[in-house]
Structure formats: C-alpha cells, structure tokens
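All values derive from a computational prediction rather than experimental measurement. Lettering of chains follows the sequences in order, A, B, ..., and the numbering in each one begins at 1.
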Protein chains: 2
Amino acid sequence: MSSNQITIKDIARILGISASTVSRALKNHPDISEATKKAVNELAKKLNYEPNAVALSLKHSRSNTIGVIIPEIVHYFFSSVISGIEDVAYDAGFTVIICQSNERYDREVANVKALLSHRVDGVLVAISKETHQYDHIFAIQDRNVPMVFFDRVIPEIETDHVIIDDQKASYEATKHLIDGGRKRIAHFAGPKNLSIGIERRVGYEQALKDANLPVIPELIIEADSFEKAIKATNKLLDMENPPDGIFAVNDLTAIGAMQTLQKRGIKIPKQIAVVGFSDGRFSGITDPTLTSVDQHGYEMGSVATKMLLRRLLNPNYDAPAQSHVLDANLIVRGSSI
Amino acid sequence: MSSNQITIKDIARILGISASTVSRALKNHPDISEATKKAVNELAKKLNYEPNAVALSLKHSRSNTIGVIIPEIVHYFFSSVISGIEDVAYDAGFTVIICQSNERYDREVANVKALLSHRVDGVLVAISKETHQYDHIFAIQDRNVPMVFFDRVIPEIETDHVIIDDQKASYEATKHLIDGGRKRIAHFAGPKNLSIGIERRVGYEQALKDANLPVIPELIIEADSFEKAIKATNKLLDMENPPDGIFAVNDLTAIGAMQTLQKRGIKIPKQIAVVGFSDGRFSGITDPTLTSVDQHGYEMGSVATKMLLRRLLNPNYDAPAQSHVLDANLIVRGSSI
DNA sequence: GTGAAAGCGCTAACAA
DNA sequence: TTGTTAGCGCTTTCAC
C-alpha cells in the first residue's frame with residue numbers, strides 16, 4: 001500500500017533542478033525561464049502531480065477548510081443547508097468537513113475538538129438540542145476561529161448567525177388562513193422549550209389578534225408528531241364547535257391532520273383548511289397538496305457560508321457579530337384555497 | 001485574526017524543556033519522569049492544547065481522513081448512507097470529508113482532485129449518473145488509495161463495493177403481491193439505462209414467471225416521477241382489464257398511484273394493492289401506509305466504511321476486491337394487505 | 001534565472 | 001531522563 005503521491009521533489013529530481021524552482025515554475029513565477037516552466041508543467045501533468053494540501057496547510061497555517069457541525073444530516077432541511085454550504089465553499093476553493101452531533105452534547109464537544117485539531121479556518125454550527133453548556137464553543141472563539149451559527153442560536157454567544165423569521169412566517173401562514181375567511185383557526189404547537197415552538201406560536205397568536213380574532217386556548221394543542229397530530233385532530237373534531245382551519249407547526253403534523261380529517265369525511269380545504277411548516281418534501285405529494293412555509297435550507301447554508309468567508313477572506317474585517325434573518329415564505333397549495 | 005493555537009513548542013518554552021520531551025510526555029512515553037509528565041499534561045490541559053492534525057498528517061503521511069463522493073446529499077437514502085459512514089469512521093478516529101458531485105461528471109473529477117490533494121487515506125464513492133469516463137477513478141487507484149464503491153458500481157473497475165440486491169428485493173416485493181392473491185400485477189419501471197431500472201424490472205418479471213403468471217408488456221410502464229405515475233395509473237385504470245396490484249420502482253411513484261386510485265374510487269389494497277421501493281420516509285405517512293422495500297442506507301454506509309477501514313488499518317491486507325451485497329427487505333404495511 | 005536554507009508542528013532515531 | 005537533529009512537502013527569503 002505504499003503511497004504513490006508525486007511531490008515537488010520528485011519532479012525536481014527528474015529534471016535535475018531544485019525544488020524551489022519547481023515550486024516557482026508551477027505558480028508561474030516571473031523569474032523562471034519559459035523553458036523551465038514548460039518542462040516542469042509538462043512533467044507535472046504527465047505525472048498527475050497534485051499539490052499536497054496538507055503541506056500547504058501547515059506552511060500557511062491555513063487549511064482552506066471549513067468545519068460544519070450539524071445535528072442530523074438525514075433531515076431534509078439540514079441536508080439542504082449542507083448543499084448550500086458545499087456549493088459556496090467549493091466555489092471559493094474551500095473543502096468542507098461535516099460532523100454530526102446527533103443532537104448529543106458529548107458528540108458535539110468531540111466534533112469541536114476534531115475540527116480544531118484539523119485546524120479548520122472557520123466553523124458553521126447548528127447547536128444540538130441537548131447542549132446547554134458552552135465551553136467547547138468558547139474554545140472556538142478563544143482561538144479566533146471565525147464561527148457562524150445557523151438555524152439554532154445561543155443568545156449568550158455573540159457571533160454571526162443566520163436564522164429564519166419563524167414568527168413572521170407563522171404570522172403569514174395564519175394570516176393566509178384568515179384572509180381565506182377562516183375564523184376559528186387551530187394551532188398544532190411545538191414544544192414550549194424550543195424556540196421554533198415559541199416563535200411559531202407567537203406569530204400565530206399575533207395574526208389572530210391583528211385580525212381581531214380571539215385566541216382560543218382549546219384550539220392550541222401541543223402536537224409535534226404524526227401520531228399526536230392524529231389524536232389532536234380527532235379531539236378538535238369532537239368539539240362542539242370545531243375549527244375551520246389548522247396551522248400546524250410542521251408538515252408531518254399537517255399531514256396527520258389531513259388524513260384524519262379525510263377519514264372523518266371532512267373536505268379539505270372546503271370545510272377545514274390546513275397549512276403546514278415545511279420540513280420535508282411531502283408538501284407536493286399529498287392530496288390535496290399542502291400549503292406550507294418554505295424554510296429555504298439551501299439559502300441558509302449559502303448565506304451562512306458567505307458570512308463566514310467574508311471574515312476568512314478579509315482578515316481585517318472585524319465588524320461586530322451580524323444577524324441575518326431569512327424570510328421564509330408561504331407556498332400556497334391546494335390544502336388552503 | 002491571529003490564530004491562538006497552542007503548539008508543543010509553546011508548552012516547551014513555558015516549561016523550559018524541549019519540544020520532544022513535551023511530545024513524549026503527552027503520549028505517556030515510559031522514559032519520561034512522572035514529574036515532567038505531570039507538569040506537561042497539566043499545562044497542556046490548562047492551555048487547551050489540541051494536537052495539530054495537519055502536522056501529524058504531514059509527518060505520518062496519513063491524514064486519518066476518509067473522503068466521500070456522493071451524488072446528492074439531500075436524498076434521504078444518501079444522507080442515511082452518510083450517517084452510517086460518519087458513525088463508523090468517527091469511532092475509528094477518522095474524519096470524513098464529504099463532496100457532492102450533484103450527478104455531474106466535471107464536479108466529480110474536481111472532487112477527486114480535492115480529496116487526493118488533501119491526501120485522504122481512503123475514499124468511498126457512489127459514482128454520478130453522468131460519469132462514463134473513469135480516468136479520475138483510475139487516478140485514485142494509481143496512487144494506491146483504497147476505495148470502496150457503494151450503491152453505484154462500475155463493472156469495469158475492480159474495487160471493493162457494497163450494493164443492494166435490487167433484483168432480489170423486487171422479486172420479494174412482487175412475490176408478496178402474488179402471495180396475496182394478485183394475478184395481474186403492473187410495474188412502474190425505472191429508466192432502462194440505469195441498473196436499478198433494469199434490476200428491479202428483472203426481479204419483478206422473474207417472480208411472475210416463477211409463479212407461472214404471464215409477463216404482460218402493457219402492464220409495464222416506464223414511470224419514475226410522481227407525474228408520470230399519475231398518468232400511468234390512469235392509463236392502467238382505463239384498460240379493459242385493469243391490474244389488481246402495482247409494484248412501483250420507487251415510493252414517489254407508488255404514492256402517485258395511490259392518490260390516483262383513490263381519486264377514482266378504487267380501494268387500496270382491496271381492489272388494487274400497491275408496493276413501493278423506499279427512497280424517502282413517505283411510507284409511514286400515507287393513507288393507507290405504504291408497503292415498501294427498505295434500502296438500509298445507514299447499513300450500506302457503515303458496511304462500506306468497515307470494508308475501507310479493513311484495508312486502511314491492515315496495510316498488508318490485500319485480498320482481491322470484495323463484493324458485499326446487502327439484503328433489502330420488504331416492510332409490509334397497509335397498502336398491500 | 002536558479003539554488004540553498006529555514007521553517008510551519010510534530011515525531012523518532014540517535015546522542016548525551 | 002532529556003535534548004538535538006532531521007524530515008514529512010512546500011514556500012520564500014536571501015544568495016549567487
């Protein structure tokens with residue numbers, strides 16, 4: 001398994017010149033004679049010479065590498081984010097190292113360690129749900145490694161971040177139902193200890209208030225899984241005065257609602273309209289198709305990476321931490337109109 | 001932005017000893033006195049010293065890094081594979097660099113270049129659909145960098161690989177329909193130029209033959225998108241003698257079929273049973289839930305990585321290329337029983 | 001126009 | 001028990 005990697009030395013030896021000359025010839029240094037350049041470049045090509053990025057990293061104390069810490073790659077949203085990160089990083093000549101925390105604190109700490117050890121030039125982090133202690137994050141800052149948070153933010157930590165305006169998106173979604181004439185809109189809410197749970201609920205309530213509609217506690221049910229949504233929908237339908245619209249905290253619960261409604265003979269959207277919050281690609285394949293908020297994962301990844309590159313590429317750029325808030329817009333489909 | 005990374009030299013300087021002593025103390029070398037070890041380790045801890053993986057890579061000509069080239073991370077199957085890769089690699093102390101080809105040949109070539117430049121110790125590749133020329137792959141072999149193919153295989157290239165037994169899985173799926181008493185089973189087929197298209201169709205046909213059922217050309221329709229599935233289903237229903245079962249090449253088309261059937265008042269599975277081939281996580285949230293083949297993406301990633309590690313960790317292991325075929329098993333749900 | 005030498009951080013053979 | 005030195009591949013200053 002002896003490695004066959006060609007080095008500058010190999011080229012130098014073959015051509016009977018020095019390594020430094022080869023190095024210069026390869027970067028088209030003006031001092032080098034055309035003849036030498038030609039010989040070097042031809043041989044390099046012939047031997048499939050590829051500069052050793054590891055040596056370059058060590059030499060320049062810059063690895064041209066970005067580290068990413070993400071909770072779970074298998075979520076459609078997060079994999080879209082990664083796609084956005086990869087594309088932008090790639091265009092800027094950076095390599096991306098992705099680590100999954102699997103929503104675990106200990107794993108996240110290990111990830112940080114690995115990335116720092118690899119001397120990544122910057123990191124993009126979506127903090128795990130389990131993380132409530134931040135020494136490992138401070139370690140990144142201590143080393144002056146630029147960092148951008150995305151999607152999940154820790155208020156105590158001052159660093160660039162890009163998030164979605166969940167509250168506004170929920171407001172829009174609810175308003176869309178109101179504009180469609182709905183007066184009793186239920187909400188399947190997320191957990192109260194998660195910011196998305198809170199933000200989406202606040203947006204919902206605000207839209208009701210702004211339209212002079214009452215916020216009815218019985219119509220707000222904590223339900224963030226498919227099964228819970230089915231139960232919650234049945235509960236709503238069993239009420240004396242059922243809702244005429246449902247705004248669900250995510251698509252999965254919206255789909256649970258739709259199926260239950262249909263099973264009980266309710267017409268969507270005629271009798272009850274349904275709006276979800278996109279976390280998959282289910283919305284296009286339900287029947288009717290599901291009106292939902294598009295979270296723009298790809299854009300989030302690309303924006304976050306650009307924010308990071310801005311600091312990486314201009315070492316004297318030292319503006320204070322920026323907050324970039326993405327608009328998440330409503331995609332209106334069949335379930336609500 | 002001056003980097004604050006602590007080095008062995010820093011520790012040596014502070015303690016007034018040599019760098020090599022520090023190095024040895026950190027790895028608990030028996031020659032070093034307890035006192036020195038203690039001092040070094042305490043200071044290292046205090047300063048948050050993290051070994052420079054870049055320097056180690058250069059020194060050892062081993063980067064402890066695995067490169068992955070994958071078509072598109074946003075597919076659930078591929079992101080599951082990555083999860084499997086990450087977990088196994090992580091446990092073995094390896095870092096993973098993921099590159100997306102986006103199903104493009106030029107991008108894949110660039111990915112290989114980047115990974116070779118980073119001197120990854122081994123690579124895991126699922127070749128892009130667009131790739132029909134293999135110089136970049138040969139370049140990997142030329143450098144004696146161990147490589148494992150997963151999911152997509154190039155017969156001409158001899159290297160370890162792990163694939164799914166598509167044919168067998170399709171056979172099982174079709175047989176399951178036959179066992180349920182279905183006699184006219186339609187097939188939504190994938191493109192004829194893709195191995196999954198061919199394999200799945202062959203498995204379907206073989207199951208029919210083994211059960212002495214005729215292979216009816218009109219019941220085999222090329223349909224690998226949601227929209228095509230809807231059209232195809234309508235076409236089937238308009239036949240004089242419609243099918244009593246549908247085996248679809250993927251879940252998306254199976255769902256298209258189900259919706260069309262339901263729209264036209266057909267009961268699933270009573271009148272027509274439907275089976276899909278899993279490429280998402282739709283199967284649990286349809287109504288009825290969808291019987292489908294589980295592709296075991298996570299397992300594929302973990303097996304592929306283990307095959308790679310076997311070569312990386314035992315340099316004298318040089319068995320010929322192995323082929324690992326995973327069983328993809330049928331998950332029976334409501335759409336077929 | 002080209003070469004020699006030093007150094008990025010770390011390790012290991014060799015000295016002391 | 002510890003230090004010195006050389007070297008992994010590359011770049012860059014300084015010499016010639």
Note: chain B reaches DNA chain D at heavy-atom distances under 4.0 Å over the stretch, first to last nt, 5' to 3', of D:dT1 to D:dG9

Would you please confirm or rule out a distance under 4.0 Å between OP1 or OP2 of C:dT2 and any side-chain N or O of A:Ser33? yes

Tell me whether A:Glu103 contacts the main-chain N or O of A:Pro71 through its side chain, where contact means a donor paired with an acceptor under 3.5 Å. no

Given 3.5 Å as the limit, does a donor-acceptor pair link the side chain of A:Ser63 with the main chain of A:Arg119, or not? yes

Students often get this wrong, so: under 4.0 angstrom with heavy atoms, is B:Asn52 touching a base, only sugar-phosphate, or nothing? sugar-phosphate

State plainly whether the residues B:Asp121 and B:Arg311 are in salt-bridge range, i.e. N to O under 4.0 Å. no

B:His29 has an atom NE2; how far is it from atom P of C:dC10, in whole Å? 17 Å

Quick check on C:dG3: is either OP1 or OP2 less than 4.0 Å from any side-chain nitrogen or oxygen of A:Thr21? yes

Which part of the nucleic acid, if any, lies within contact of B:Thr36, taking any heavy atom under 4.0 Å across all strands shown: a base, the sugar-phosphate backbone alone, or nothing? sugar-phosphate

Atom CG of B:Asp31 and atom P of C:dT11: how far apart are they, to the nearest Å? 16 Å

Donor-acceptor pairs under 3.5 angstrom involving side-chain atoms of residues 133-142 of chain A: please list them, not counting sequence neighbours.
{"unit_1": "A:His136", "atom_1": "NE2", "unit_2": "A:Glu108", "atom_2": "OE2", "d": "2.7"}
{"unit_1": "A:Gln141", "atom_1": "NE2", "unit_2": "A:Glu158", "atom_2": "O", "d": "3.2"}

Taking the side chain from A:His60 and the backbone from A:Leu58, do they hold a donor-acceptor pair closer than 3.5 Å? no

B:Lys37/B:Glu34 salt bridge by N-O under 4.0 Å criterion: yes

Closest-nucleotide mapping onto DNA chain D: is B:Ala55 or B:Val22 further toward the 5' terminus? I mean the 5' end. B:Val22

Hey, is the side chain of B:Lys9 poking within less than 4.0 Å of OP1 or OP2 on C:dC8, counting only N and O atoms? yes

Across the strands shown, which category fits A:Ser23 at heavy-atom distances under 4.0 angstrom: base, sugar-phosphate, nothing? base

What is the distance, rounded to the nearest whole Å, between atom OH of B:Tyr49 and atom C1' of C:dG9? 8 Å

For the pair made of CG in B:Leu26 and P in C:dG9, what is the distance, rounded to whole Å? 15 Å

Return the value, rounded to whole Å, for the distance between atom CZ of A:Arg13 and atom C1' of C:dG3. 17 Å

Do B:Lys59 and C:dG9 share a donor-acceptor pair, side chain to base, under 3.5 Å? no

Is A:Gln322 close to A:His161 at the side-chain level, that is, under 4.5 Å between some pair of heavy atoms? no

Round to a whole Å and report the spacing from CZ of B:Arg62 to P of C:dG9. 21 Å

How sharply is the helix from C:dG1-D:dC16 to C:dA16-D:dT1 bent, taking the axes over five pairs at either end and rounding to 10 degrees? 60°

Backbone N or O of B:Ser101 within a donor-acceptor pair of the B:Ser128 side chain at under 3.5 Å? no

Can you tell me the distance, in whole Å, between the CZ atom of A:Arg24 and the P atom of C:dA5? 14 Å

Using a 4.0 Å heavy-atom cut-off across all strands, classify A:Leu58 as base, sugar-phosphate, or nothing. base

Measuring to OP1 and OP2 of C:dT11, would you say a side-chain N or O of B:Lys27 lies under 4.0 angstrom away? yes

Atom CD1 of B:Ile11 and atom P of C:dT11 are separated, to the nearest Å, by 11 Å

Do A:Ile127 and A:Ile69 come close enough that some side-chain heavy atom pair is under 4.5 Å? no

Please determine if A:Lys38 and A:Glu42 form a salt bridge, counting it only when a charged side-chain N lies under 4.0 Å from a carboxylate O. yes

Counting heavy atoms from C-beta on, name the nucleotide in C:dG3, C:dC10, C:dG1 closest to the side chain of A:Ser20. C:dG3

